[in-house]
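Down below is the structure, laid out as structure tokens.
Chain letters run A, B, ... following the sequence lines, proteins first and then strands; every chain starts at 1.
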There are 2 protein chains.
Amino acid sequence: MNQSPQSMRVCEGSLFSDLDRETADALLNAATYRQIAEGMTLFHQGDAPSQLFQVVTGLVKLSRVSTDGSQTTLRFMGPGELVGCVAVFQQFPFPATAIASKPCSLLCWGASQILDLIHRYPPVASNALKTVGGRAREMIERVTDLSAKGVEARLAGVLLRLASQVGRNSPDGVEITHPVTRNDMAEMTGVTYFTVSRVLSAWQRQQIVRLGRERVIVIEPHRLAQIAD
Amino acid sequence: MNQSPQSMRVCEGSLFSDLDRETADALLNAATYRQIAEGMTLFHQGDAPSQLFQVVTGLVKLSRVSTDGSQTTLRFMGPGELVGCVAVFQQFPFPATAIASKPCSLLCWGASQILDLIHRYPPVASNALKTVGGRAREMIERVTDLSAKGVEARLAGVLLRLASQVGRNSPDGVEITHPVTRNDMAEMTGVTYFTVSRVLSAWQRQQIVRLGRERVIVIEPHRLAQIAD
DNA sequence: CGTGCTCTTTGCGCTTGCGCAAACAAGTCC
DNA sequence: GGACTTGTTTGCGCAAGCGCAAAGAGCACG
């Protein structure tokens, strides 16, 4: 694990926030660095939580199948984000499946190692707590959105979230591309991809977005924000 | 704070799990004990997280209003449960409002004290992490239910959850009563209370439940479980 | 004991979003 | 280039659940 100290700064809001040199080193030394090809799965829903991951580069999709077999995409996880934290810290089977949507490089910790580190370094525990808390808050937000907001508002929210997380700037606006399909948006919004397509088409007619295959360009984010309410 | 050691044993799966005598005492000594009348609010959504609560007796309702003004009931919190943990541990404004649905007795900690305790006693941090993780898991579950399952399945789940949490045994089955109204069930399920009433009426016709004002008696839990899928 | 309040039920019309089928792109692999 | 795969769009009919209105049922209070 020979990674420069600066690289820790990338990991804002994660396990590495505000650590002294020694603690950060202990954390880094306990990790292994791994490359993963697109399409490989990090873990399956229901697996024992044996490893914790931090995305360094690439993109991981977290999805979940409910008892009746239908898929839900919980979210995408990009650089700096901790994949599997809820399960590992709680020693509970993974509630979702994690698949690399793009080739990824990851930091990996064994469950027992990371629990030990947490126990030994209070600042790490504090960071873990904040990360898990953030996840909880995010899900609370989604629960209220799902039960209170209409489809358009939810989809607008998903689009904005995706734009800020996996979007790239393009001349016309922020571009959401490749691994994210209409289907993903549908699963994140809790509707069918037919509905997503229809709503997006309507927005294209209003010049709010521009569409293409595996491509949505957000032209007027503020109008989306307004729709998301 | 003169509470007998046994009383800690009640608080299974909470901050007090598996603590040695000294740590548990420190935790208890830092807390104040408070009584609250029915209808009083512990905190409002958006408030700075200045206090953490543990319900000792009574029942607290956690609800949230979304941007468009509609209410969502996140859950009820009964004896042993930590109210406000996500916000306090993360030092983020309360994402919901907490109101006493029944007269309550509570243990209260100031935010800074509890954060200090967490920092000083790793086992407490570990418990906090588990509690928040549990909340996150619960919300993940609800997100997938909301986006994948139909209304009946969701309502069946809510009913079972309520039965096990606030239900009392009665000759005919488990009885969900007083502070819980159809409206609450509706907000927990993400539907209107009209729909709740209609579905419950249908179930009553099938002898799955018996209904009354502010009262649902679950006669056949296994059939609900089956509907909940 | 009636009045008022809150919670609940039910009927009816209607909107929203789903389900399916079919057609249409845009790559990709021989 | 042609066949195939995968993702997307669109039309049409349908069903689930909403919204409103109106009425019923407990319960509390004077």
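Interface residues of residues 171-193 of chain A facing DNA chain C, ordered by number: A:V191, A:T192; criterion, heavy-atom separation under 4.0 Å. Of the residues in residues 148-170 of chain A, those lying under 4.0 Å from DNA chain C by heavy-atom distance are A:V151.
Residues forming a side-chain hydrogen bond (donor to acceptor under 3.5 Å, both in side chains) with B:E141 (at least two apart in sequence, or on another chain): A:R64. Taking the ring-ring contact (aromatic ring centres under 6.0 Å, His included) definition, one finds that B:F89 meets it with nothing, sequence neighbours left out. Qualifying salt bridge (Lys or Arg N to Asp or Glu O under 4.0 Å) partners for B:R137, counting only residues two or more places apart in sequence or in other chains: none. Applying the side chain to side chain contact (heavy atoms under 4.5 Å, CB included) criterion to B:T181, with sequence neighbours excluded, gives B:N183, B:D184, B:E214.
Atom CG in A:L200 sits roughly 16 Å away from atom P in D:dG7 (whole-Å rounding). Spacing between atom CH2 of A:W203 and atom C1' of D:dT8 amounts to 17 Å, rounded to whole angstrom units.
For residues 95-105 of chain B, the side chain to side chain donor-acceptor pair (under 3.5 Å) pairs, not counting sequence neighbours, are B:Y33-B:S105, B:T57-B:S105. The stretch residues 166-206 of chain B participates, sequence neighbours left out, in no ring-ring contact (aromatic ring centres under 6.0 Å, His included) pair at all. Applying the side chain to side chain donor-acceptor pair (under 3.5 Å) test to residues at least two apart or on different chains, the pairs with a partner in residues 153-166 of chain B are B:E81-B:Q165. A salt bridge (Lys or Arg N to Asp or Glu O under 4.0 Å) check over residues 32-51 of chain A, counting only residues at least two apart or in different chains, returns nothing.
If you check every strand for non-hydrogen atoms under 4.0 Å, B:L211 touches sugar and phosphate atoms only.
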- Message: Please encode protein proximity along nucleotides 20-28 of chain D as a string of B, S and -, counting only heavy-atom distances under 4.0 Å.
- Response: BB---BB--

Considering only distance and modelled atom types, tabulate donor-acceptor pairs under 3.5 Å from the side chains of residues 221-229 of chain A, sequence neighbours left out.
from: A:H222; atom 1: NE2; to: A:E220; atom 2: OE1; distance (Å): 3.2
from: A:R223; atom 1: NH1; to: A:Q206; atom 2: O; distance (Å): 3.4

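By the 30° and 60° cut-offs, the orientation of the rings of B:W109 relative to B:F16 is tilted.
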